[in-house]
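Order of listing sets the numbers, starting from 1, for every ligand and every atom in it. Keep in mind that the numbers below use all heavy atoms, side chains included, and drop hydrogens, waters and symmetry copies.
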Amino acid sequence: MTFRGQVTLDGPSGTGKSSVARGVAARLGAAYLDTGAMYRAATVAVLDAGVDPADADGVARTVAGARIEVGTDAATETVRVDGVDVAARIRGAEVTRAVSAVSAVPAVRRRLVDQQRALVAAAGTVVVEGRDIGTVVLPDATLKIYLTAAPEARAQRRAAQLGIREQSEIVELAADLRRRDEFDSSRADSPLRPAAEAIVVDSTELDQQGVVDRVVALAESAVGVGERA
Ligand SMILES: Nc1ncnc2c1ncn2[C@@H]1O[C@H](COP(=O)(O)OP(=O)(O)O)[C@@H](O)[C@H]1O
Ligand SMILES: Nc1ccn([C@@H]2O[C@H](COP(=O)(O)OP(=O)(O)O)[C@@H](O)[C@H]2O)c(=O)n1
């Protein structure tokens, strides 16, 4: 059975959203959209303009004037700001520190959500990952997944990804993850939370392939439900 429609993958940082979303998209032959990359690209524009990420008006003005482009191909990452490739820069510590403040600005969210919906409409069958995809961006998505994992597992994964082995640095990384998740969960506009119909998948005890298998199986059973209806 072929899955057609939209899969949303939301959840806190380090739960495996990006890697799982890419894996699921490859298995389903679907497009892939990383909405976090869009907020990170907007943050690059803010930092390059010398605007304080806490200055909501300045952030809104800067992002309104920036051309943010992301690709929807699971195999290649395309992220540009005003035509400049920022795919590597968006993963840096400076952007990671500032991104939650930038993404809490309602005008930034309105602009990027419009762009996300247009990209999804053009892509057709697609896996979309972020924080508010099931709740706000695509409330009628075919399948909604909320990915969780124990905080220690998330910090260990992020440390391994960044090549950090020093215990004190891992503790600091865990504190940074916690701060960002608290900020993302408590903001007024589109806070991080599971959609009412989301299926919660806890990845603490599963490896990456195990999570991909689980989500693909859920997508296949969503096809069955659609066909019976
Ligand atoms: N279930 C898992 N078990 C162990 N490591 C995982 C798992 N899922 C993802 N990872 C690894 O954890 C790191 C963070 O995953 P990522 O997909 O970037 O998370 P997120 O997008 O939620 O922040 C990556 O190096 C990824 O390969
Ligand atoms: N749909 C989304 C996606 C990301 N974001 C913001 O962008 C930040 C970076 O998202 P990300 O998915 O790249 O973060 P990681 O999970 O990779 O650390 C998050 O901490 C949120 O502040 C958001 O507000 N809404």
Give the residue and atom name of whichever protein heavy atom lies nearest to [atom], and the separation in Å to one decimal.
| atom | value |
| --- | --- |
| atom 18 (O) of ligand 2 | Ser13 OG, 2.6 Å |
| atom 1 (N) of ligand 2 | Asp132 OD1, 2.8 Å |
| atom 3 (C) of ligand 2 | Thr35 OG1, 3.4 Å |
| atom 13 (O) of ligand 2 | Arg40 NE, 2.7 Å |
| atom 25 (N) of ligand 2 | Arg109 NH2, 3.0 Å |
| atom 15 (P) of ligand 2 | Arg158 NH2, 3.3 Å |
| atom 19 (C) of ligand 2 | Asp184 OD2, 3.3 Å |

Taking atom types as modelled, is there a side-chain donor on [X] or [Y] under 3.5 Å from an acceptor on the other?
| X | Y | value |
| --- | --- | --- |
| Thr96 | Arg40 | yes |
| Arg180 | Ser13 | yes |
| Ser18 | Glu129 | yes |
| Arg157 | Ser203 | yes |

Exercise for review: Could you tell me if any non-hydrogen atom of Ser18 lies under 4.0 Å from any atom of ligand 2?
Suggested key: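 Outside the 4.0 Å threshold, so no.
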Practice item. Tell me, please: is Met38 in heavy-atom contact with ligand 2, that is, under 4.0 Å? Key: no
Practice item. Out of Arg187, Arg91, Arg180, Arg154, indicate the one that has the non-hydrogen atom closest to atom 9 (C) of ligand 2. Key: Arg180
**Study point:** First-shell residues of ligand 1 [heavy atom, distance under 4.0 Å]
**Key:**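 Shell around ligand 1 (4.0 Å, heavy atoms): Pro12, Ser13, Gly14, Thr15, Gly16, Lys17, Ser18, Ser19, Arg157, Arg158, Gln161, Ser203, Leu206, Asp207, Gln208, Val211.
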**Study point:** pair Val212-Arg27: side-chain heavy atoms closer than 4.5 Å
**Key:**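 Touching, per the 4.5 Å side-chain cut-off.
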Check your understanding: Heavy-atom count around Arg61 CZ within 6.0 Å, excluding the residue itself: above 12?
Key ->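 Not buried by this count: 12 neighbours or fewer within 6.0 Å.
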Check your understanding: Counting only heavy atoms not in Arg117, do more than 12 fall under 6.0 Å of its CZ?
Key -> yes
Check your understanding: According to a 4.5 Å side-chain heavy-atom criterion applied to Ile, Leu, Val, Met, Phe, Trp and Tyr, with indirect links allowed, do Ile199 and Val7 form part of one hydrophobic cluster?
Key ->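 They do share one cluster, since a chain of ILVMFWY contacts under 4.5 Å joins Ile199 to Val7.
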Could you tell me whether [X] and ligand 2 have an N or O pair separated by under 3.5 Å?
| X | result |
| --- | --- |
| Ser103 | yes |
| Arg131 | yes |
| Tyr39 | no |

**Study point:** For Ser100 against Phe183, the heavy-atom pair lying closest together
**Key:**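 Scanning both residues completely, I find the closest heavy atoms to be O-CE2, 3.4 Å.
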Check your understanding: So which heavy atom on Val215 is nearest to which on Leu143, and how close?
Key -> O-CD2, 4.1 Å
Review point. Taking heavy atoms and a distance under 4.0 Å, where does Gln116 meet ligand 2: side chain, backbone, both or neither?
Key: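 Within the 4.0 Å criterion, Gln116 makes no contact with ligand 2.
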Exercise for review: May I ask you to list the atoms of ligand 2 that are less than 4.0 angstrom from any heavy atom of Gly130?
Suggested key: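 Checking each atom against Gly130, I get 1 (N), 3 (C).
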**Study point:** Pair Arg187 + Asp132: basic N to acidic O under 4.0 Å
**Key:**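 Between Asp132 and Arg187 there is no salt bridge, as every charged N stays at least 4.0 Å from the carboxylate O atoms.
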Point to revise | Given Leu9, Val216, Thr15, the one that forms side chain to side chain contact (heavy atoms under 4.5 Å, CB included) with Val20 | key: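 Output: one option passes, namely Leu9.
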Check your understanding: Residues two or more places apart in sequence or in another chain: which of them pass side chain to side chain contact (heavy atoms under 4.5 Å, CB included) with Ala31?
Key -> Thr72, Ala123, Val126
